[in-house]
**Student:** 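Got a structure for you, written out below as structure tokens; questions coming shortly.
Since the model is a prediction, treat every value here as computed from it, not as a measurement. In what follows, every chain begins at residue 1, and chains take the letters A, B, ... in the order their sequences are listed.
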Number of protein chains: 4
Amino acid sequence: MSSRIRALPDGTGEDPAAEDSRWPELLKIAATTFAERGYRSTSLQDIADRFGVFKGSLYHYIRSKEDLLYEIMRGVLSDSVDDLRRHAGGEGDALERLRSVLRGHVRHLIDNLAETTVVLHEFGQLSEQRRRSLPVDEFHRTFTALIAQGQREGTVSPDLVPELAALALLGSVNHIYRWYRPGGGRSPDEIADQFATLLLRGLAHPNVPGSSIDGDEESA
Amino acid sequence: MSSRIRALPDGTGEDPAAEDSRWPELLKIAATTFAERGYRSTSLQDIADRFGVFKGSLYHYIRSKEDLLYEIMRGVLSDSVDDLRRHAGGEGDALERLRSVLRGHVRHLIDNLAETTVVLHEFGQLSEQRRRSLPVDEFHRTFTALIAQGQREGTVSPDLVPELAALALLGSVNHIYRWYRPGGGRSPDEIADQFATLLLRGLAHPNVPGSSIDGDEESA
Amino acid sequence: MSSRIRALPDGTGEDPAAEDSRWPELLKIAATTFAERGYRSTSLQDIADRFGVFKGSLYHYIRSKEDLLYEIMRGVLSDSVDDLRRHAGGEGDALERLRSVLRGHVRHLIDNLAETTVVLHEFGQLSEQRRRSLPVDEFHRTFTALIAQGQREGTVSPDLVPELAALALLGSVNHIYRWYRPGGGRSPDEIADQFATLLLRGLAHPNVPGSSIDGDEESA
Amino acid sequence: MSSRIRALPDGTGEDPAAEDSRWPELLKIAATTFAERGYRSTSLQDIADRFGVFKGSLYHYIRSKEDLLYEIMRGVLSDSVDDLRRHAGGEGDALERLRSVLRGHVRHLIDNLAETTVVLHEFGQLSEQRRRSLPVDEFHRTFTALIAQGQREGTVSPDLVPELAALALLGSVNHIYRWYRPGGGRSPDEIADQFATLLLRGLAHPNVPGSSIDGDEESA
DNA sequence: AATGAATGAGGCTTCATTCAT
DNA sequence: GATGAATGAAGCCTCATTCAT
């Protein structure tokens, strides 16, 4: 919300939350439209039409089109990184926490499909300054750290390069935005389980088949 | 080349003297620029500047900007699908062929980084008709078929859903275009090996550790 | 007015405050310019210059250049067909009504010289769909019907083919846009009288010289 | 042909007529295309396509696109004016010669439909100098003179203004290009007869019904 | 907050014409 | 005569943004 413009000519502008209620709606509309058509192929007219105002009226909410893009990304990344930190800092060994992180990431992505699509597809449209201000690297850093820790713990195969393995995991999961559609036959949980199973087995030390990699549903 | 515009009033043949034309050069410039800035953020003026002609002169080579996008994709996909078919139809069991497919796919992606970036990032900018004309589904279909065959052969874990596992593999590999940069410290071969190792171990039947999944190094 | 572009997000009504809009002024400028130089030889820049706005601002009024052409034609044809129907359905025998139609047509053409010029000279520039939506055939149909009725009444020579005679009349009258210039020495009424006299005498049954063909002056 | 360009670097250029045979073909193609789509809406590419050469090759025949327009008009007007003069200077009284002129004009128009369409529809696209060089006024002048002479001879009604009556006649006949289509059910002769009948009766002195106005087929 | 007309830059595309081969 | 690549101007149209009301 930091980008909200307020004239506040009389200094009273408390910004009552109730009055302000169209901002989340606008962000959702923008995210959905950017996700469907792409940022550059979406005009503010498109968004104004869906939002039900005239084009010029959008400037009561934003200073520029890029504000919309940035706010969408900031919002969803903020949530997503919170999730990431919580799961990465949870209980269990590195692989268990990685499973938790992976499942959380899949769920978060699916629960915020439009916003995540915007982050993953339109990041390059932001100014460099704004790109640098967003914590996008934290995912790769966290994945890499957990994999390296797994190697130290002996549960992750030592022949993998943690940085590359992290990229493989991230790619698999982030790719979901390209094919997942609600009602598409696979439940979010099934997807999360399948991906975690495949990727964690891929990481695991081949000589430790009985590790935690197969998760809760399969006891060792 | 089929998009070259020629009146060919005498019907003597298709595109004579194509060898010395600047068409491949133009395609490469367009691919590079689209990959760097995005299709919608690239103007024909940008491309004409790099190509060294006036904007309007591009229309000796194309009928529309979208032609450039399409021809880039058609070219690289054609090669890529040839590769895919060759590797998928090669020798060995399903996992061995899947390894071959994965490594080939990684190599091809890296060797055609700009073009692949365009395919993977700008596919949605094509008209629906053109999207349908490109064999993009063949990757997922082939991966799925090989995984399913691996399950029948007993080398792929039966608890994986082939369609989802295929998407995990594709996501990992396709994601490479987002982070690979030539001279970035990791060689294409190392990347291909690491990804194949991780992903094939992830697919493999947990109780068959001695399968072919670890490739050439033939570890026990 | 139907072509005015408005998002009208609140659905409150069609084109409020149209009274003070510049739309009629724009239509008049466009008609005049199209009549002077031809539709294809007139650029939107020409029109914008005369209208006193930037080129792109015209798109607050139209969706395309052809919209201007169409709206000019629709407006003047609507009036003209109303006139036609009124005169054709008036009092008197067929020849009297035909005289009324002819004079009305001449007057309307001269009073709307630019718009009529556009209709008669640029009709072929419209899309086929828009051409079909305009009631241009009604003139020929009405003329033909009145002539045929005159034959049944015995006042029109039976050796004329009504369809061809109607085309002769229409040609004479429509041709006026090519030579009439205000202040050119001939008053609209004189032109209307002369044309009606000549054409109605041409239609009249040669053996019925005392018919109504000479109009108000009731000469024997 | 005066506009034909010839390099004649060796001074030998006799321009053997046989070799030169594509010039009339080109003119015909240009006339047809201009008539169908309009001068400004026809590109030289369109014409080159139909002519079977590349666009640039047209410049071996013309110096500019307007040359084509001009040569089409010059050619057909030259013929047409010859016809006009021949018929206007023929035997008989003014009305008889006017009948001959009218029928000749109708026939010539129909026999040169594309070229006449170009003259009548695209005259305004010529430069002013070229417009002035073409004998387009001769038709109106000749019609006016014949009508005035008819008045002196007593066969044309004295209440008509010759200039206006001439415009009525010209309008009827010239209008034919807008509706005549070969194979359309009315033969050129029928059209010529009907138009001459109607228009000459319209001119004729009402009190001289037995004049020559009804032509050869009807003896008095 | 909203409106809606206008801005001004820039985008894609067309096209008559030139010219070296 | 022909080619075909290139020119350079111009055309139509889009759009983020501004602003008086």
**Student:** Report the distance from atom CG of A/D67 to atom P of F/dA16, rounded to the nearest whole Å.
**Tutor:**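 So the two atoms are 13 Å apart, to the nearest Å.
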**Student:** Once you round it to whole Å, what is the distance between P of E/dA16 and NE2 of D/H60?
**Tutor:**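 In whole Å, E/dA16 P and D/H60 NE2 are 17 Å from each other.
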**Student:** Can you say whether the rings of C/Y61 and C/F51 are parallel (under 30°), tilted (30 to 60°) or perpendicular (over 60°)?
**Tutor:**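 If you compare the ring of C/Y61 with that of C/F51, the planes turn out perpendicular.
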**Student:** What residues form a side chain to side chain donor-acceptor pair (under 3.5 Å) with C/T42, not counting sequence neighbours?
**Tutor:**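 So C/T42 forms no side chain to side chain donor-acceptor pair (under 3.5 Å) with any residue.
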**Student:** Looking at C/R22, I'd like to know whether one of its side-chain N or O atoms comes within less than 4.0 Å of OP1 or OP2 on E/dA6.
**Tutor:**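 So the side chain of C/R22 is within the cut-off, an N or O lying under 4.0 Å from OP1 or OP2 of E/dA6.
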**Student:** How would you list, by chain and number, every residue that makes a side chain to side chain donor-acceptor pair (under 3.5 Å) with B/E66, sequence neighbours excluded?
**Tutor:**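 Here no residue qualifies.
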**Student:** Grab the CG-P distance between A/D49 and F/dT14 for me, whole Å please.
**Tutor:**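 Whole-Å distance recorded here is 14 Å.
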**Student:** Would you kindly give the CD-to-P distance between A/E66 and F/dA16, to the nearest whole Å?
**Tutor:**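 From A/E66 CD to F/dA16 P: 13 Å.
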**Student:** Please give the distance between the P atoms of F/dT21 and E/dA1 as a whole number of Å.
**Tutor:**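 The answer is 23 Å between these two P atoms.
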**Student:** By side-chain contact (heavy atoms from CB on, under 4.5 Å), which residues pair with D/S78, not counting sequence neighbours?
**Tutor:**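 If we apply the side-chain contact (heavy atoms from CB on, under 4.5 Å) test to D/S78, skipping adjacent residues, the hits are D/D82.
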**Student:** Could you state the CG-P distance from A/L58 to F/dC19, rounded to the nearest angstrom?
**Tutor:**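 So the two atoms are 17 Å apart, to the nearest Å.
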**Student:** In whole angstrom, what separates B/L68's CG from E/dG11's P?
**Tutor:**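 After rounding, the reported distance stands at 15 Å.
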**Student:** Could you check how far OH of C/Y59 sits from C1' of F/dT14, rounded to whole Å?
**Tutor:**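 About 9 Å, once rounded to whole Å.
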**Student:** Determine which bases of DNA chain E form Watson-Crick or G-U wobble pairs with both distances under 3.5 Å, and write the result as a 5' to 3' dot-bracket string with | for other-strand partners.
**Tutor:** .||||||||||||||||||||
**Student:** Mind checking what makes salt bridge (Lys or Arg N to Asp or Glu O under 4.0 Å) contact with B/R37, not counting sequence neighbours?
**Tutor:**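 With sequence neighbours excluded, B/R37 shows a salt bridge (Lys or Arg N to Asp or Glu O under 4.0 Å) to B/D46, given in chain and number order.
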**Student:** So, is C/Y61 close to the E/dG4 phosphate, meaning a side-chain N or O under 4.0 Å from OP1 or OP2?
**Tutor:**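 For E/dG4, neither OP1 nor OP2 has a side-chain N or O of C/Y61 closer than 4.0 Å.
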**Student:** Holding to side-chain contact (heavy atoms from CB on, under 4.5 Å), I want the full list of residues that pass it with B/T116, two or more places apart in sequence or in another chain.
**Tutor:**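 Counting only residues at least two positions away or on another chain, B/T116 forms a side-chain contact (heavy atoms from CB on, under 4.5 Å) with B/V76, B/L109, B/N112, B/L120.
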**Student:** With sequence neighbours left out, write down each residue that passes side chain to side chain donor-acceptor pair (under 3.5 Å) with A/Q129, or none if nothing qualifies.
**Tutor:**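 For A/Q129, no residue satisfies side chain to side chain donor-acceptor pair (under 3.5 Å) once neighbours in sequence are set aside.
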**Student:** Please enumerate all protein N or O atoms sitting under 3.5 Å from an N or O of nucleotides 9-11 of chain F, with distances to 0.1 Å.
**Tutor:**
none

**Student:** What is the distance from CH2 of B/W23 to P of F/dA5, rounded to the nearest Å?
**Tutor:**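 Computing the B/W23:CH2 to F/dA5:P distance gives 12 Å.
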**Student:** Go through the structure and list residues passing side chain to side chain donor-acceptor pair (under 3.5 Å) with C/Q125, not counting sequence neighbours.
**Tutor:**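 Per chain and number, C/Q125 pairs via side chain to side chain donor-acceptor pair (under 3.5 Å) with D/S41.
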**Student:** Given that C/F54 and B/S57 both sit by DNA chain E, which one's nearest nucleotide is further toward the 5' end?
**Tutor:**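 Of the two residues, C/F54 wins.
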**Student:** Closer than 4.0 angstrom, basic N to acidic O: yes or no for A/K28 and A/E25?
**Tutor:**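 No.
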